[in-house]
> 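What follows is a structure written as structure tokens; I'll ask about it next.
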There are 2 protein chains.
Amino acid sequence: MAVDLRPSQALKLLHDLNHEMVRDDDRDLSARQITILLTVYLEPPPHTVRGLAAKLNVTKPVITRALDTMGRMELLQRRRDPADRRNVVVQRTVKGALYVERLGDLVVAKAKELPL
Amino acid sequence: MAVDLRPSQALKLLHDLNHEMVRDDDRDLSARQITILLTVYLEPPPHTVRGLAAKLNVTKPVITRALDTMGRMELLQRRRDPADRRNVVVQRTVKGALYVERLGDLVVAKAKELPL
DNA sequence: AAGGATCGTTTCGGATCCGTATCATTTCAG
DNA sequence: CTGAAATGATACGGATCCGAAACGATCCTT
């Protein structure tokens with residue numbers, strides 16, 4: 001329990017962050033896509049379509065389509081589960097790891113710029 | 001320069017935040033809409049369509065449509081500038097202020113829960 | 001081996017959003 | 001007073017996303 005933040009700082013952080021992401025990224029990820037991406041990169045594997053859908057409280061097609069999109073961007077990749085070939089395991093990619101790392105650094109930088 | 005955050009904490013914060021917003025809001029605001037909303041609520045008025053478009057680096061119709069949408073949600077309201085009736089000033093609403101306040105509190109709460 | 005259950009994908013109709021181009025209104029300079 | 005400039009709104013075609021339902025592939029029980 002360490003990161004203390006006042007509401008005004010929180011809102012400015014949120015604003016600056018969204019501003020930055022909207023401003024330069026032509027094709028920005030939606031909130032759902034970011035949540036999926038971060039879930040895969042932060043929580044322990046394996047990640048299945050069904051599991052992600054349940055965790056995010058959305059339907060399975062939403063996950064399938066998000067994987068299509070982010071797969072095309074090479075931020076994530078599908079792989080069939082060899083043990084149970086009905087399952088699809090969602091895995092990280094080098095490009096995705098870089099993207100996530102950049103995202104984290106952006107938040108850190110914006111937080112550091114916040115006024116007291 | 002006060003709010004220190006490690007990248008792993010930043011990513012978890014981002015994840016938890018997006019997760020929360022995706023999970024319960026059926027109809028979530030886009031990154032652009034959130035940026036517009038927070039700009040109006042955090043930066044000093046007046047806010048015009050043209051000004052917001054320039055600040056966010058998007059076209060004017062994007063702002064017009066966002067105002068349509070968020071106006072229907074009563075998070076913002078338009079008003080004609082009496083001094084120059086070509087201008088539209090974007091103003092806050094009670095409902096919008098509550099929404100923004102809730103958003104700020106959510107970030108604060110999620111930040112407080114972060115592991116050291 | 002057969003039937004049902006599970007999983008991810010696809011299809012469908014509908015809604016939303018985008019940027020470009022155009023439009024109506026208002027202001028202002030000559 | 002008239003025409004150009006500026007502002008926000010609208011029309012349009014295209015892209016994307018949504019949830020519900022149907023579908024094919026795979027597994028599992030019996």
Side-chain angles (χ1 to χ4, degrees), chain A residues 18-19 21-40 45-92, chain B residues 18-19 21-40 45-92:
Chain A
N18 276 281
H19 189 358
M21 295 177 65
V22 165
R23 200 166 51 82
D24 29 78
D25 276 352
D26 254 7
R27 44 181 334 184
D28 41 346
L29 299 177
S30 73
R32 293 185 172 189
Q33 290 171 331
I34 289 182
T35 309
I36 293 171
L37 186 68
L38 290 180
T39 298
V40 171
H47 302 285
T48 65
V49 171
R50 183 167 195 75
L52 289 170
K55 185 164 303 194
L56 299 188
N57 198 30
V58 297
T59 58
K60 287 187 297 176
V62 169
I63 305 294
T64 293
R65 284 183 297 246
L67 294 184
D68 289 343
T69 302
M70 301 209 273
R72 271 194 300 272
M73 299 183 198
E74 299 176 71
L75 300 179
L76 289 176
Q77 71 183 25
R78 285 181 171 94
R79 235 195 56 204
R80 220 77 216 191
D81 181 356
D84 183 343
R85 295 183 41 74
R86 287 173 303 180
N87 287 336
V88 160
V89 203
V90 184
Q91 295 180 314
R92 311 170 188 185
Chain B
N18 276 281
H19 190 358
M21 294 177 66
V22 166
R23 201 168 51 83
D24 27 79
D25 276 351
D26 254 7
R27 165 133 224 98
D28 43 344
L29 298 177
S30 73
R32 294 184 172 190
Q33 290 171 332
I34 289 181
T35 309
I36 294 171
L37 185 69
L38 290 180
T39 298
V40 171
H47 303 284
T48 66
V49 171
R50 183 167 195 77
L52 290 169
K55 185 164 304 194
L56 300 188
N57 199 29
V58 296
T59 58
K60 286 188 296 178
V62 169
I63 305 295
T64 293
R65 284 183 298 246
L67 294 184
D68 289 343
T69 301
M70 297 169 103
R72 271 194 300 270
M73 299 184 199
E74 299 176 71
L75 299 179
L76 289 175
Q77 72 183 27
R78 285 183 172 96
R79 234 195 59 205
R80 218 78 215 193
D81 180 354
D84 183 342
R85 295 183 39 75
R86 288 174 303 181
N87 287 335
V88 160
V89 255
V90 184
Q91 296 181 314
R92 310 172 189 183

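Every chain is numbered from 1 and lettered A, B, ... according to where its sequence line falls, protein lines coming before strand lines.
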> Between CD1 of B/I63 and CZ of B/R50, what distance do you get to the nearest 0.5 Å?
11.5 Å
> Nearest whole angstrom, please: distance from the P of D/dC17 to the CD1 of A/I63.
13 Å
> With a 4.0 Å cut-off on heavy atoms, is B/S30 in touch with a base, just the backbone sugar-phosphate, or nothing at all?
nothing
> Indicate whether OP1 or OP2 belonging to C/dG8 is found under 4.0 Å from a side-chain N or O atom of A/T64.
no
> At less than 4.0 Å, is any side-chain N or O atom of A/R85 found next to OP1 or OP2 of D/dC28? Yes or no.
no
> Using a heavy-atom cut-off of 4.0 Å across all strands, would you classify B/R65 as base, sugar-phosphate, or nothing?
base
> Between B/D84 and A/V62, which is nearer to the 5' end of DNA chain D once each is assigned its nearest nucleotide?
B/D84
> Can you check the A/R32 CZ to D/dC18 C1' distance for me, whole Å?
7 Å
> Rounding to an integer number of Å, can you tell me how far A/R50 CZ sits from D/dA25 C1'?
16 Å
> Within the 4.5 Å heavy-atom criterion, are B/K55 and B/H47 side-chain neighbours or not?
no
> OP1 or OP2 of D/dC27 sitting under 4.0 Å from any side-chain N/O of A/R80?
no
> Side chain of B/V88, heavy atoms from C-beta onward: which of C/dC18, D/dA20, D/dA9 has the nearest atom to it?
D/dA9
> Can you measure B/M70 atom CE to C/dT16 atom C1' for me and round it to whole angstrom units?
15 Å
> Determine yes or no for a side-chain-to-main-chain donor-acceptor pair under 3.5 angstrom, with A/R79 supplying the side chain and A/V89 the backbone.
no
> Report the distance from atom CG of A/L67 to atom P of C/dT10, rounded to the nearest whole Å.
11 Å
> Flag the pair A/V90 / A/I36 as yes when at least one side-chain heavy-atom distance between them is below 4.5 Å, and no otherwise.
no
> Check the distance between D/dC18's P and A/K60's NZ and give it to me in whole angstrom.
16 Å
> Among C/dG8, D/dA20, C/dT20, which nucleotide sits nearest the side chain of B/T59?
C/dT20
> Contact between A/I34 and A/M21 at the side-chain level, heavy atoms closer than 4.5 Å - yes or no?
yes
> For the pair made of CG in B/L52 and P in D/dA9, what is the distance, rounded to whole Å?
11 Å
> Nearest nucleotide by nearest heavy atom, which residue falls closer to the 5' end of DNA chain D, B/N87 or A/D81?
B/N87
> Measure from the side chain of A/R86, starting at C-beta and using heavy atoms only, and say which of D/dT7, D/dA25, D/dT10 lies closest.
D/dA25
> Compare side-chain N and O positions of B/Q33 against OP1 and OP2 of C/dC17 and report whether any pair is under 4.0 Å apart.
yes
> In this structure, how many angstroms lie between the P atom of C/dT16 and the CG atom of B/L29, rounded?
13 Å
